[in-house]
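The block underneath contains the structure these notes are about, expressed in structure tokens.
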Amino acid sequence: MKKISADQPLSAVNIKFTKGMDFSEHEGEIIPVYLQSLDRNVSMVVTTADSEAKKAGTDGMFAVCSSACGVKLQAALAKDMNIDL
């Protein structure tokens with residue numbers, strides 16, 4: 001949940017949208033997603049239809065600065081969505 005500098009390596013938490021969720025009007029954009037358990041917005045990249053990520057089954061990506069941050073974000077996503085990731 002901190003700012004990632006331009007020269008810092010990063011990881012991503014990849015997600016697949018549930019059936020019926022359509023973010024196609026936001027393809028290639030970074031959009032805010034409010035997570036109630038963190039009481040804040042986190043930025044999500046919406047993959048484009050022709051991207052390698054989309055072909056691999058990823059609909060959205062959250063950039064994180066470390067694997068520890070990724071685990072924390074996955075836990076928040078699971079809690080807010082009431083799902084297991």
Side-chain angles (χ1 to χ4, degrees):
M1 305 307 165
K2 65 180 185 177
K3 188 169 184 148
I4 301 170
S5 64
D7 61 341
Q8 181 180 358
L10 57 90
S11 300
V13 173
N14 300 331
I15 62 166
K16 177 132 184 89
F17 299 145
T18 58
K19 190 172 186 167
M21 290 183 76
D22 181 15
F23 286 88
S24 57
E25 74 265 12
H26 296 291
E27 283 187 9
E29 295 179 13
I30 299 171
I31 62 170
V33 175
Y34 180 74
L35 294 179
Q36 183 175 358
S37 61
L38 298 177
D39 190 28
R40 67 175 294 163
N41 284 318
V42 292
S43 298
M44 179 181 71
V45 178
V46 180
T47 59
T48 59
D50 60 347
S51 69
E52 292 299 317
K54 187 72 162 186
K55 291 174 188 171
T58 298
D59 295 320
M61 298 182 290
F62 295 91
V64 292
C65 62
S66 68
S67 59
C69 286
V71 169
K72 185 177 179 179
L73 179 60
Q74 284 179 320
L77 287 165
K79 184 176 182 179
D80 282 18
M81 305 298 178
N82 198 24
I83 57 170
D84 293 322
L85 294 175

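- Between L35 and L73 there is a side-chain heavy-atom pair separated by less than 4.5 Å.
- Among pairs with a residue in residues 27-39, none fulfils salt bridge (Lys or Arg N to Asp or Glu O under 4.0 Å), at least two apart in sequence or across chains.
- Within the structure, the ring pair (Phe, Tyr, Trp, His ring centres under 6.0 Å) test picks out the following pairs touching residues 22-75 (sequence neighbours left out): F17-F23.
- Within 6.0 Å of atom CD in Q36, 12 or fewer heavy atoms from other residues, nucleotides or ligands are found, so the atom counts as exposed in its surroundings.
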Before giving the answer on side chain to side chain contact (heavy atoms under 4.5 Å, CB included), spell out for C65 and L10 the whole-Å C-alpha distance, their side-chain angles and the decisive distance to 0.1 Å.
CA-CA 5 Å; C65 62; L10 57 90; 5.8 Å; no

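- T47 places a side-chain N or O within donor-acceptor distance of the main-chain N or O of T58, the cut-off being under 3.5 Å.
- Side-chain heavy atoms closer than 4.5 Å link hydrophobic residues (I, L, V, M, F, W, Y) into clusters, and following such links, possibly through other members, connects I15 to V64.
- The salt bridge (Lys or Arg N to Asp or Glu O under 4.0 Å) pairs that include a residue from residues 41-63 are K16-D59, E52-K55, K54-D59, where partners are two or more places apart or lie in different chains.
- Clustering ILVMFWY residues whenever any of their side-chain heavy atoms sit less than 4.5 angstrom apart, transitively, puts V33 in the very cluster that holds V13.
- We find the OG-NZ distance between S37 and K72 to be 9.5 Å, quoted to the nearest 0.5 Å.
- Not one N or O on the side chain of N14 forms a donor-acceptor pair closer than 3.5 Å with the backbone of M61.
- Residues V42 and I31 share a single hydrophobic cluster, defined by chaining ILVMFWY side chains whose heavy atoms lie under 4.5 Å apart.
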